[in-house]
Amino acid sequence: MSWLSTARLPRPHDPERLAVAWARWDERAPRPDDPAAIALLDALFGNSPYLTETALQSPDFMTDLWRHGPDAAAADLMAELAAARSDAGTGAAPAEIASRLRRLKRRVALAVAVADIAGAWPLDRITGQLSEFASGCLCALTDSILLQLERDGQLSLGGKPEAAAFTVLGMGKLGAGELNYSSDIDLILFYDRDAPALAGNEQLSRHFVRAARLLVQLMSETSAEGYIFRTDLRLRPDPGSTPLAMSVQAAELYYESVGQNWERAAMIKAHPVAGNEAVGAAFLRDMTPYIWRKHLDFAAIHDIHSIKRQIDAHRGGGTVKVLGHNVKLGRGGIREIEFFAQTQQLIFGGRNPTLRLRATCPTLRALAAAGHVTEKAADELIEAYGFLRRVEHRLQMIDDRQTHSIPADEAGVAAVATFLGYDTSQAFQAALLGTLRLVEGHYAKLFEEAPSLAGPGGNLVFTGTDDDPGTLETLTSLGFRDASAAAGIVRRWHHGRYRSTATARARELLTELMPGLLKELGGTAAPDQALLNFDLFLSNLPAGVQLFSLFKANPALLELLATIMGSAPGLAAHLARRTLLLDSVLSPDFYGPLPPASEMTAELAATLARVDHEQDILDLARRWANDRRFQVGVQQLKRIVTPAQAGLAYADIAAATISALCDRVERRFAETHGGFRGQRLAVLGLGKLGSREMSATSDLDLIFVYDIPDGMEASDGPRPLSPIQYYTRLSQKMVTALTAHTNEGALYEVDMRLRPSGRSGPLANSLAGFETYHAQSSWTWEHMALTRMRVIHGPEALVARLTDIVKRTLCRPRDAQALVRDVADMRDRIAQHAPPKSLWDFKHLPGGLFDIDFVAQYLALRHACEHPGILDPHPAEMLGRMAAAGLIDPADADRLRATRTLLSDVQSLLRLTLNGDEAAFDETKAPEGQQRLIAATEGATDLAALRARIETESKTVRAIYARIVEAPALAAGWQARSRK
């Protein structure tokens, strides 16, 4: 027992666990006579349930271990490993080899733990032994699997597994020979497709992927015998889109074209550990110019720094802690020491080969020898590294868990302190805090001259393949609900899959923009959707450097882009298709008022005149209209225009689009079918188009009316048509031109249910038929709809006649009692068939827009005969005119108009931010940013205050509606359906 010093052994922390373990030992084996052996077992039994179970499963091995020491045990175990590898090379099945290795692993784990706890081995021997064993396991299983593929007829190797030219690169701690006690192992699997034994095999990728999958399965799966090592292949090139095993030729192409600096950092530690190691070594030699660049520009150095500098290394070290602290990834932890060394290796190793080392401590010494760090800094960091690795190992030995976090409670910390040999928990905590602050201080000084890339609130690290816990916390604090998905999207950008991120310079710029970009996206109405929209935007960019440079020079543009992506899905979708629009956003004219509808009609007509093909006409019309709508939407988001002003602009864009597009469609139609002596068709707009109150998603309520000269029974073209055929087909073409989806997206949905006889009537009506219908057959509700009519397109004479017909229809004398019954019945029908879906369903809400407009339209139809001047397509304007004429109490009119403005404004913004019906808004699920945006529309402090205001105002409106419409209707004999 000369190898064991009891002074180094920790005392048992848990007396009850200790007593139970000894009782179980006594049932299996005699208790040792040597006090040192008893002290060793006390240390295991009283501190580690995992080591206790392992010792109790193999009491004979444990006895040999304390008698002969870990050196002898390790030699015997490695001899057994060599035998397993030999058997693998002579045809032993992979499952059989894996079973032997699992049993062997438990004894290796116990031997290494005893050597560590007893202080018999230094850190590099401990990590080296674990790494050597992992490599040996990989060798045995890889050989066995490759020979199994040969037996299955998939490879032809002549019984020599190395002929497969299949190599296993150990990455990270395995490649560096620094595995921790419960470490995962990171691998990259390559094969040389030009190897002689592989010639002519067209299924190589499939066969080697099968080998890779089996290797990971056998290494990682847990059975009653335990497991070998958890294995991870995500450090391979672009793991989201590449096979588990790939050719060295494909890998070289990837690294040379889109490889990132963090991947260069990862390659520093790469080392062949199994399979054909010569193939792996040759690959790494070929990669030398990629990993070790002799010349780096300033931007590349910044990007290297950003690998870890994105962790906000605050000067002063006030953020380190003990409870719950992650000693690997947290502030002042192991990762900071590793990156302290690796970033400088990347910067200086291209010119100084002595820095091209894999292990951390030798690298620190080499950096000191080269003058890049002081001897004192290197010594302190090496000591800190050893301390933190010992802490890490004790944390993992307790339950064999891949953990790096100190327990979050004082009792747990006390247990760890005891296991590390400290007399008190306070002494351990002081040592840990001192070490963390020391590391943090050195790391901060290393990069103190570099500009911060830290995000608000903490980590923003997107290197590697795993989620950084601190980054997930930061993303959550920024407003992202699915932080892991958000991190995955950002990592995808860095893989260069998009044209915009294909160059190293583009990715470096994007790295610098990332904190600001994520802050802006996180502050939008819907952060997760904003990120998805920005991802789509990036995927459609032809290049990235110029635009990212523009963002860097114009932070306000980045802020605007984030607002669009997160607050206006319709605008975001259009911008993703039309990325060139960002150029126009920089123009001062972009934020000015739109031209009048007549000028926009002429502008679009001139644009359409440049093309002849029907598809080109449709595409150009959509591009023009959607660009203009995008402009209005941005102005609305930035509050340059009010929702009412935006409604006017949206309506004018729609009118210009209808007029220019219909004119072009009519002329093309006439080329085949002729016409009726000039333009004879008019387009009537109703609803929000008629009253010029459109929103970002409004549809078009249209009626087509034509007028032909007497005596013309057919058009005068090569293929003549009767008037009804002609204008029905022409109207259908116009509807198609407005509604068809093309590569440029959609324009509008069109609703023609307000035409005479509704769905059962013809698509286009003759002027005479239109006049006769409204004189003899139309219903009161159709007259109500006509109050918002405006002729959008048509010859002047026809426009004048239609306007006169509608005015005469609205101004006819009416039976007041029949009218009020009709209005009340229509509103009641709507309430029965389409009840409000929520408070935010402003059309159907009691006291909402329908109630207000029904009051205005009822009074208009009742009094227009004597007061034709009250008519106007805008209901609020009619209410104002009625109040002036003494037809409604001014207080009632003011309340109805104010509430209508409130509801219309909120509705407009909801439709902009939802890209759909406001009734779909769910305030319980709405992101905080969207709630703030909507509440601010009307100056409310929050959404609850806005809701309370809407509830109050709508109750007042409902009372006015009941007084003006319902009560007179009931008095006139009407009965609500709910009362029938």
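For reference, positions follow the sequence shown, starting with 1.
The pair Glu666-Lys733 does not count as a salt bridge, with every side-chain nitrogen at least 4.0 angstrom from each carboxylate oxygen. Electrostatic pairing of Asp701 and Arg788 does not count as a salt bridge here, judged by no charged N lying under 4.0 Å from a carboxylate O. We find that Glu877 and Arg881 are joined by a salt bridge, their nearest charged nitrogen and carboxylate oxygen being less than 4.0 Å apart. Using a 4.0 Å cut-off between charged side-chain N and carboxylate O, Arg790 and Asp872 make no salt bridge.
Closest heavy-atom contact between Asn765 and Arg755: OD1-CB, 4.3 Å. Heavy-atom minimum distance, Pro595 versus Met600: O-CE, 3.6 Å. The two residues Met694 and Ala654 have their closest heavy-atom pair at SD-CB, 3.7 Å. Taking all atoms of both residues into account, the shortest heavy-atom contact from Ala860 to Ile870 is CA-CD1, 3.9 Å. In plain terms, the two heavy atoms of Ala893 and Ile888 that are nearest each other are CB-CG2, 3.9 Å. Among all heavy-atom pairs drawn from Leu786 and Thr809, the shortest one is CD1-CG2, 4.2 Å.
When only modelled atom types and interatomic distance are considered, Ser908 and Gln636 share a side-chain donor-acceptor pair under 3.5 Å.
For Arg668, the CZ atom counts as densely surrounded, since its 6.0 Å shell holds more than 12 non-hydrogen atoms of other residues, nucleotides or ligands. By the 6.0 Å contact criterion, CZ on Arg692 is enclosed, its count of non-hydrogen atoms from other residues, nucleotides or ligands being greater than 12.
Cation-pi geometry between Arg629 and Tyr748 is met: under 6.0 angstrom from the ring centre, within 45 degrees of the axis.
Residues passing the side-chain contact (heavy atoms from CB on, under 4.5 Å) test with Ala962 are Glu966, sequence neighbours excluded. Residues that satisfy the side-chain contact (heavy atoms from CB on, under 4.5 Å) test with Ser778, not counting sequence neighbours, are Tyr773, His774, Glu782, His783.
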